[in-house]
Amino acid sequence: MTIEVGSQAPDFQLKDNHGRTVRLSEFRGEKNVVLVFYPFAFTGVCTGELCALRDELPRFENEGTQLLAVSNDSIHTLRVFAEQEGLAYPLLSDFWPHGETSRAYGVFDEDKGCAVRGTFVIDKEGVVRWSVVNGLPDARDLNDYVKALEAL
C-alpha cells in the first residue's frame with residue numbers, strides 16, 4: 001500500500017551513485033524533498049524522465065528543495081548511468097536489502113523486482129504533501145511536481 005498524503009515519510013539510509021550515504025532525515029527542517037522512484041537505469045521511459053529532471057534541475061534542486069531519485073539498481077550501475085546522461089543529482093540505490101525503501105513507500109512491484117514510478121513531495125517537516133504513482137510504462141508529468149512544490 002502506497003504511503004498516504006499527510007503521513008510521515010519513512011526515513012531511509014541509501015548509498016548514492018558515488019557511494020555516499022544519504023538519509024531522508026538529513027533534510028528535515030532544511031529542505032523539501034522530491035523523492036522519485038523509477039524502475040531501472042538505462043531504460044527508455046526512465047532515461048526520459050530523469051533527463052527531463054536534469055533539464056529542469058533548478059526547479060527541483062535549490063536552496064529550498066532537494067531532488068532524490070531511487071531505483072533498485074546497484075550504485076555501480078547508477079554511477080555509469082549518471083555519467084552517461086549528465087545527471088548531477090543523487091541517484092540512490094535501493095539494491096540491498098533489495099527494495100526495502102521502495103517497499104516502505106508502497107511502490108515495489110514484487111513480480112517485476114523493481115519500483116514502479118512513484119513520486120513523493122515531502123515537506124521540511126518530513127510529511128508527504130503530494131504523491132503520484134504510475135505503472136511501469138507510464139511516464140509522469142514534471143509540471144505536477146512543480147505545482148505540488150509551489151503549494152508548500
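None of the values given here were measured: they were computed from a predicted structure.
For Arg103, the salt bridge (Lys or Arg N to Asp or Glu O under 4.0 Å) partners two or more places apart in sequence, or in a different chain, are Glu110. For Arg20, the salt bridge (Lys or Arg N to Asp or Glu O under 4.0 Å) partners are Asp16, not counting sequence neighbours. Residues forming a salt bridge (Lys or Arg N to Asp or Glu O under 4.0 Å) with Arg54 (at least two apart in sequence, or on another chain): none. Residues passing the salt bridge (Lys or Arg N to Asp or Glu O under 4.0 Å) test with Glu26: none are found, sequence neighbours excluded.
Between Val45 and Pro137 the shortest heavy-atom distance is CG2-O, 4.0 Å. In terms of heavy atoms, Ala69 sits closest to Leu50 at CB-CD2, 4.0 Å. The shortest non-hydrogen separation linking His98 to Gly113 is NE2-O, 2.9 Å. Closest approach of Tyr105 and Ala9 over heavy atoms only: OH-CB, 3.5 Å. Between Ala88 and Leu57, the closest heavy-atom pair is CB-CD2, 4.4 Å. Closest of all the heavy-atom pairs between Glu100 and Asp94 is N-OD1, 3.2 Å.
Put simply, Leu24 and Leu67 are part of two different groups of oily side chains (I, L, V, M, F, W, Y) that touch within less than 4.5 Å, one to the next. Under the 4.5 Å side-chain contact rule for hydrophobic residues, Tyr89 and Phe12 do not share a cluster. Both Phe27 and Ile122 belong to a single network of hydrophobic side chains, linked directly or stepwise wherever heavy atoms of I, L, V, M, F, W or Y lie under 4.5 Å apart. Val70 and Ile75 fall into different hydrophobic clusters, where Ile, Leu, Val, Met, Phe, Trp and Tyr side chains are chained together by heavy-atom contacts under 4.5 Å. The hydrophobic cluster containing Leu68 also contains Ile3, counting ILVMFWY residues as joined when their side-chain heavy atoms lie under 4.5 angstrom apart, directly or transitively.
Inter-residue side-chain proximity for Gln66 and Pro90 is flagged as met; some heavy-atom pair is nearer than 4.5 Å. Contact check for Thr21 versus Lys15: side-chain heavy atoms found under the 4.5 Å cut-off. Counting heavy atoms from C-beta outward, Phe108 and Val116 have side chains that stay 4.5 Å or more apart.
Here the straight-line distance linking atom CG of Leu149 with atom CZ of Arg129 works out to 13.0 Å at 0.5 Å rounding. Distance check: Thr119 OG1 to Asn134 CG gives 7.5 Å after rounding to the nearest 0.5 Å. One finds the CG atom of Leu152 at 11.0 Å from the CD atom of Glu125 (value rounded to the nearest 0.5 Å). How far CD of Glu56 is from OH of Tyr145: 12.5 Å, rounded to the nearest 0.5 Å. Taken to the nearest 0.5 Å, the CG atom of Leu142 stands 8.5 Å off from the CZ atom of Arg59. Atom-to-atom distance recorded for Cys114:SG and Asp73:CG is 9.0 Å, nearest 0.5 angstrom.
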Under the salt bridge (charged side-chain N to carboxylate O under 4.0 Å, His left out) rule, what do Glu150 and Lys147 come out as? Steps first, then yes or no, please. CA-CA 5 Å; Glu150 289 172 351; Lys147 290 175 190 169; over 6 Å; no
Taking it one step at a time, do Ser102 and Val107 satisfy side-chain contact (heavy atoms from CB on, under 4.5 Å)? CA-CA 5 Å; Ser102 305; Val107 295; 4.2 Å; yes
Can you list, pair by pair, the side-chain donor-acceptor contacts under 3.5 Å of residues 30-43, counting residues two or more places apart and other chains?
{"from": "Lys31", "atom 1": "NZ", "to": "Asn62", "atom 2": "O", "distance (Å)": "3.1"}
{"from": "Asn32", "atom 1": "OD1", "to": "Lys124", "atom 2": "N", "distance (Å)": "3.1"}
{"from": "Thr43", "atom 1": "OG1", "to": "Phe40", "atom 2": "O", "distance (Å)": "2.8"}

Could you tabulate the donor-acceptor pairs under 3.5 Å formed by side-chain atoms of residues 78-87, not counting sequence neighbours?
{"from": "Arg79", "atom 1": "NE", "to": "Asn17", "atom 2": "O", "distance (Å)": "3.0"}

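In terms of modelled atom types and a separation under 3.5 Å, the side chain of Asp123 and the main chain of Val127 share a donor-acceptor contact. For Gln13 (side chain) and Val22 (main-chain N/O), no donor-acceptor pair under 3.5 Å exists by modelled atom type. The main-chain N or O of Asp11 is never found under 3.5 Å from a side-chain atom of Arg23 such that the two would form a donor-acceptor pair. No side-chain donor-acceptor contact under 3.5 Å links Thr47 to the backbone of Gly44.
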